[in-house]
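Throughout, a chain's letter reflects where its sequence line sits, starting with A, and its residues are numbered from 1.
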Amino acid sequence: MEKITAVKGIKDVLPGDSPVWHRLELAARRVFECFGFCEIRVPIMEKTSLFQRSIGEATDIVEKEMYTFRDRDDELLTLRPEATASVIRAYIEHNLSASDPVTRLYTMGPMFRRERPQKGRFRQFHQIDAELFGDDSPAADAEVIFMLMHFLQTLGIGKLSLEINSLGCKACRPVFSGAVVDYLKGRESSLCPDCQRRIHTNPLRVFDCKVESCGEVIDGAPRILDFLCADCSEHFSRVKSYLSDLNLPYEINPRMVRGLDYYTRTAFEVKSGGLGAQNSLAGGGRYDGLVQFLGGPDIAGIGFGIGMERLIACLPPDDRNPYAAEIFIAALGERAQKIAFTLTQELRRRGICAAMDYSGKSLKSQMKRADKLHSAYTLIFGDREIEENCAELRDMNTKNQQRLPLDQLLEAVTDILKREVKVL
RNA sequence: GUGGGUGUAGCUCAGCUGGUUAGAGUGCCGGGUUGUGGCCCCGGAGGUCGAGGGUUCGAACCCCUUCACUCACCCCA
């Protein structure tokens, strides 16, 4: 029989890995909520047209990476390749701008892109995503960037580099694009085949090329920063000024262009060493026209996405046991086991992590089991104790054992454990 | 989509120029006091050597095909 495995590029998070994920998710919630962000949970699939319009028809994501299928009623649906589009859709659909002119939202979950998997790149991957709507001031840009950096620092990730750029707006970007195309066309023969193609499809992408010969051409190319209009230029310098006020080191990367069409003005990216070729941990930027473009009011927006798998790859390994029992009940013989069974469930009902083994193994193997579960206490009793109406409670660290009255086990154990829990 | 690398026990890997019942560590199960864990010792279970074909007296090892995983390009989180 053919073995059924997980789909290529889609991974399980096994019990040993889940503590890191929990830590990450909790840390994100704590930090983001300090900055006034509320969670929004958006669906994992949307109408295909949402992504086509927001991300851009000519992007790689839309052209060849989306998981798109026809629903039974012929509607085209797509597994989301990123979160921003869905958040904006929900923001518009539920008219969230009406209840608060400035809205801060975050969300996290799986995204899907059909790429060839490699280190740090999967077909189902997870992002933490934050979006700020309704504020086009440079302070909003700086706040969002600061929150991102603060979050990453909270997790103890070293060797972070923050790169920023301004991509201009509707007014100045086309002028720049035109200049770039003119420049590149004159030097087409010095470019790699990919870049020659890009001149016509997405000229700004040439800036991302890593081929050496292209690099030389790019070095001499027009720079977006020289083409910014007065407003964009003013905006960018104020963002930089805010970042400096926060003592946040950054580098200006005039070659940075983000892969999604909707970005305007501030764009940023956080990289980290030790991630292999996919060294981009997080990226984001401003998208002032997008809400309106998707049918909503003319509201500014800025946000970022963090790759959770990549983040975890930067984190020190977490060896904590995914489960630690507070008490293990080791019962010997049928009578004891019957009592132990109810006791275990009762303890659990009281919020105590109790564990036992139902298979009637030897005390030795039950003790081993208790040890493996890192249980703080083990309650031991068999026929002998039942005759004497008691049970032995062993402290696994000190090896001290005390007798507890069998007919008040639940109360006695709860009492002792609650006291311990409080100390912790 | 295009290249390179790797597929042997649940996991990490040995396996010399092809040679007989394919190994280790770890994990799992059991034993070493009759009812007491971690350390140590002993034993056990577990593998159609990714799959298919070929060469050969004989293939985990050589050849071909295929699949999977992985890294890189591309692109991005």
Side-chain angles (χ1 to χ4, degrees), chain A residues 2-3 5-11 14 16 55 59-65 80-84 108-129 148 152 192-195 197-198 201-202 205 208-211 256-260 268-272 275-284 303-314 325 328 330-333 336 357 359-386 391-401:
Chain A
E2 196 191 335
K3 216 181 270 180
T5 61
V7 177
K8 183 200 276 292
I10 300 188
K11 299 219 167 182
L14 298 174
I55 297 170
T59 57
D60 275 15
I61 294 178
V62 171
E63 265 180 7
K64 48 193 184 193
E65 294 175 1
R80 62 180 184 192
E82 56 108 36
T84 305
M108 51 180 95
M111 310 295 158
F112 304 83
R113 292 183 200 174
R114 213 201 121 85
E115 295 181 274
R116 192 78 179 268
Q118 70 182 78
K119 189 179 173 72
R121 194 173 70 185
F122 312 96
R123 290 187 172 180
Q124 175 178 324
F125 60 101
H126 296 75
Q127 282 189 339
I128 303 175
D129 188 85
L148 169 61
L152 297 175
C192 70
D194 279 333
C195 287
R197 180 178 45 81
R198 289 189 184 114
T201 54
N202 205 339
R205 295 237 64 87
D208 274 342
C209 189
K210 287 154 195 158
V211 178
M256 178 177 55
V257 260
R258 313 257 344 127
L260 296 78
F268 53 95
E269 192 165 331
V270 183
K271 293 180 180 172
S272 174
L275 275 176
Q278 311 301 319
N279 62 352
S280 178
L281 251 188
F304 61 75
I306 308 172
M308 295 179 79
E309 284 85 355
R310 291 183 187 180
L311 200 51
I312 286 169
C314 293
F328 187 91
L332 296 157
D357 181 273
S359 60
K361 289 182 179 170
S362 69
L363 179 57
K364 178 172 179 163
S365 61
Q366 293 195 61
M367 291 298 290
K368 280 188 176 174
R369 179 84 187 145
D371 190 59
K372 199 188 172 190
L373 297 177
H374 296 107
S375 113
Y377 291 93
T378 302
L379 188 70
I380 304 162
F381 63 101
D383 289 341
R384 190 188 300 167
E385 285 76 14
I386 293 176
E392 295 279 346
L393 183 70
R394 179 181 177 87
D395 182 319
M396 295 298 275
N397 290 321
T398 65
K399 298 184 176 182
N400 290 334
Q401 289 191 194

Does the side chain of A:V270 come within less than 4.5 Å of A:F304's, by heavy atoms?
no
Separation of A:K364 atom NZ from B:G37 atom C1', in whole Å?
9 Å
Say you pick atom C1' in B:G1 and the same atom in B:C74; how far apart are they, in whole Å?
9 Å
Mind calculating the distance between NZ (A:K119) and P (B:C71) to the nearest angstrom?
6 Å
Out of B:A77, B:G38, B:U70, whichever nucleotide has its closest atom nearest the side chain of A:K399:
B:G38
Show every donor-acceptor pair shorter than 3.5 Å between a side-chain atom in residues 112-119 of chain A and any protein atom, with sequence neighbours excluded, or say none if there are none.
| residue | atom | partner | partner atom | Å |
| --- | --- | --- | --- | --- |
| A:R113 | NE | A:P81 | O | 2.9 |
| A:R113 | NH2 | A:P81 | O | 3.0 |
| A:Q118 | OE1 | A:R121 | NH2 | 3.3 |

Any residue meeting side-chain contact (heavy atoms from CB on, under 4.5 Å) with A:L373, in chain and number order, not counting sequence neighbours:
A:Y323, A:A325, A:F328, A:A355, A:R369
Would you please enumerate the stems RNA chain B participates in, each stem being three or more consecutive Watson-Crick or G-U wobble pairs with both distances under 3.5 Å?
B:1-7 with B:67-73, B:10-13 with B:23-26, B:28-32 with B:40-44, B:50-54 with B:62-66
To the nearest Å, how far apart are A:R116 CZ and B:G4 C1'?
11 Å
Can you confirm whether A:I55 sits close enough to A:E82 that some side-chain heavy atom of one is under 4.5 Å from a side-chain heavy atom of the other?
yes
Determine, for nucleotides 40-50 of chain B in 5'-to-3' order, which nucleotides have protein heavy atoms under 4.0 Å from the base (write B), from only the sugar-phosphate (write S), or from neither (write -).
-----------
Just to confirm, is there a sub-4.0 Å distance from OP1 or OP2 of B:A72 to any side-chain nitrogen or oxygen of A:Q118?
yes
For nucleotides 25-29 of chain B, tabulate all protein N/O to nucleotide N/O atom pairs closer than 3.5 Å, reporting atom names and distance.
| residue | atom | partner | partner atom | Å |
| --- | --- | --- | --- | --- |
| B:C28 | OP1 | A:K372 | NZ | 3.0 |

Separation of the P atoms in B:G43 and B:U36, to the nearest angstrom
23 Å
Roughly how far apart, to the nearest Å, are B:U65 and B:G7 at atom C1'?
16 Å
Out of B:G1, B:A77, B:C74, minimum distance to the side chain of A:Q278 belongs to B:C74
Between B:U36, B:C74, B:G35, spot the one nearest the side chain of A:L332, thanks.
B:G35
I need the OH-C1' distance between A:Y377 and B:G38, as an integer number of Å.
18 Å
Atom pair distance, as rounded to whole Å: CG in A:L379 and C1' in B:U36:
13 Å
Assign each of A:K64 and A:F381 to its nearest nucleotide of RNA chain B by heavy atoms, then name whichever residue's nucleotide is nearer the 5' end.
A:F381
By side-chain contact (heavy atoms from CB on, under 4.5 Å) - contacts of A:A391 (at least two apart):
A:L379, A:F381, A:L406, A:L409
